[in-house]
Amino acid sequence: MSDTSRLSPATIAAQAAGAVDAQTGGVVPSLPMATTYLRDEAYQPLRADNIYLRDQSDIVRVAEKVLSQLEGAKESLLFPSGMAALAAVFRTVPNGGRVLVQSQIYWGTTKWIRDFCTRRDIELREVEASDMAAFAAACESFRPTLALIETPSNPWLRVVDIQAAADAVHSAGGLLVVDSTAATPILQQPLKHGADVVMHSATKGINGHSDVLAGVLATNDVTGRVWEDIKADRHDAGAVIGPFEAWLLVRGMRTLPLRAKQMSCNAMELAEFLQNHPKIEEVLYPGLASHTGHELATRQMSGGFGSLLSCIVKGGGAAALEVVGKLEVFHRATSLGGVESLVEHRHTIEPHTGIPEGLLRLSVGIEDIEDLKRDLSQALDA
Ligand SMILES: *Cc1c(COP(=O)(O)O)cnc(C)c1O
């Protein structure tokens, strides 16, 4: 692999950071499936960095290199899911430690962290991090070992000031982790705004084709204790991604910059369309000038505001479910960031979290915008 670090994201992604198949001359990296590697007559490994597959895979390294370059990170580590990546960071918190977590984020994260902290005697505080005064005050009084924010957040689309959050956590002596899934590395690079570790569910926009489960952590602090622990834990405990998933990820990422751009364009247009629709009470999308986080998102993100948007249908749960039932182009399914548009009624999934019954979360794909608009139109006007 040549030095591709100075190229732009579109080039890095399209050429998989210069990865080719050296054996055949193929312009696509090969898919090595072996779980173990040969040693020579003197019992020395043919390649010192390839002894056993667990965390020694060339195709995983290729995927991690692409991710590092897109994220502006020194190092990235892939995991078999976004949750496995998140769990790997939280497992570095010592028993009796303190963690500060943004409230009303991806429900799977909140639930797992609550259970984990209870089991491990870790003190947990949850705070609305888009309210920076509240977040900074919590950092000062609580002094967290680790803080997690998610921006834009899922499904509320709240925007958190990453630099301000990093400053507040750092003055309390802690580390800041940012779940940047909804933005992808194309639209937002939290490490440049002071985050210590950035996390993505690569299952979503990074892979983008709804056919791979994966997670990633990236950092510039590669010699820090936390990163060393995360690496050792992945190697020893074995939360690794398989070669085929990594290969698919490399393939998916070739079009990531294109997809991020097109999905953001489509989402922006749908947000404006929905905002003007009489049956919609409110649209939550950071691209809208009326969104409370718009100015911050404009400063912190670039190239678009992402594929995720939520709207609240007038008339509550029954009205929202009626709209969902009439959609013909949008698939009714959870998840986000794929090329196909999805719609989800979050209250059906997490009725206990106070999510409004009329809230619909849309993951906007790359379909023709007129087809998407017409579909929403007919479902809302029916
Ligand atoms: C999906 C998601 C996760 C969890 O990722 P998995 O790959 O499903 O384990 C975490 N955070 C956010 C914001 C997500 O959307």
Side-chain angles (χ1 to χ4, degrees), residues 63 67 71 76-91 99 101-116 126 129-130 146-160 162 176-188 190 195 197-218 234 239-242 245-246 248-249 252-253 256 260 263 267 284-286 293 297 301 305-310 333-338 341-344 346 349-350 353 355 359 361-365:
L67 284 161
E71 195 68 64
S76 296
L77 293 171
L78 274 166
F79 291 84
S81 69
M83 289 314 299
L86 202 80
V89 190
F90 276 81
R91 279 204 296 270
V99 304
V101 174
Q102 181 178 343
S103 53
Q104 294 193 304
I105 55 171
Y106 176 72
W107 168 241
T109 297
T110 300
K111 182 192 180 296
W112 182 82
I113 290 174
R114 284 179 186 169
D115 293 347
F116 174 75
E126 296 179 35
S130 62
L146 196 79
L148 171 74
I149 59 170
E150 182 185 287
T151 183
S153 71
N154 172 6
W156 285 96
L157 282 304
R158 299 222 167 102
V159 183
V160 182
I162 300 169
L176 179 70
V177 181
V178 178
D179 183 340
S180 191
T181 299
T184 79
I186 304 303
L187 308 177
Q188 173 176 282
V197 176
V198 53
M199 171 262 163
H200 291 273
S201 165
T203 311
K204 314 292 170 56
I206 288 177
N207 179 62
H209 295 75
S210 307
D211 53 11
V212 172
L213 204 64
V216 64
L217 298 177
R234 187 180 72 158
V240 295
I241 187 170
E245 281 71 22
L248 280 172
L249 208 51
M253 286 192 291
L256 173 56
M263 288 155 90
L284 309 173
Y285 188 65
M301 301 175 78
F305 299 93
S307 63
L308 191 63
L309 89 93
S310 293
T334 194
S335 200
L336 58 110
S341 293
L342 306 177
V343 61
E344 173 154 78
R346 283 304 308 172
I349 312 296
E350 41 167 316
T353 61
I355 204 95
L359 186 140
R361 193 188 72 187
L362 306 182
S363 170
V364 183

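Here the structure is a predicted model, which means the values were calculated and not measured. If you read the sequence from its start, that first residue is 1, and numbering goes on from there. Numbering of ligands and ligand atoms starts at 1, following listing order.
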Would you call [X] and [Y] a side-chain contact if the rule is heavy atoms closer than 4.5 Å?
X      : Y      : answer
Thr353 : Thr110 : no
Val178 : Thr151 : yes
Pro152 : Leu308 : no

For Ser153, the side-chain hydrogen bond (donor to acceptor under 3.5 Å, both in side chains) test, sequence neighbours excluded, returns none
For Arg234 and Leu78, indicate whether the former's side chain and the latter's backbone hold a donor-acceptor pair under 3.5 Å.
yes
Donor-acceptor pair, side chain of Glu150 and main chain of Tyr106, under 3.5 angstrom
yes
Go ahead and list the nitrogen or oxygen contacts between ligand 1 and the protein that come in under 3.5 Å, distances to 0.1 Å, or just say none.
unit_1, atom_1, unit_2, atom_2, d
ligand 1, 5 (O), Ser201, OG, 3.0
ligand 1, 7 (O), Gly82, N, 2.8
ligand 1, 7 (O), Ser201, OG, 2.8
ligand 1, 7 (O), Thr203, OG1, 2.7
ligand 1, 9 (O), Gly82, N, 3.1
ligand 1, 9 (O), Met83, N, 2.9
ligand 1, 11 (N), Asp179, OD2, 2.7
ligand 1, 15 (O), Asn154, ND2, 3.2
ligand 1, 15 (O), Lys204, NZ, 2.7

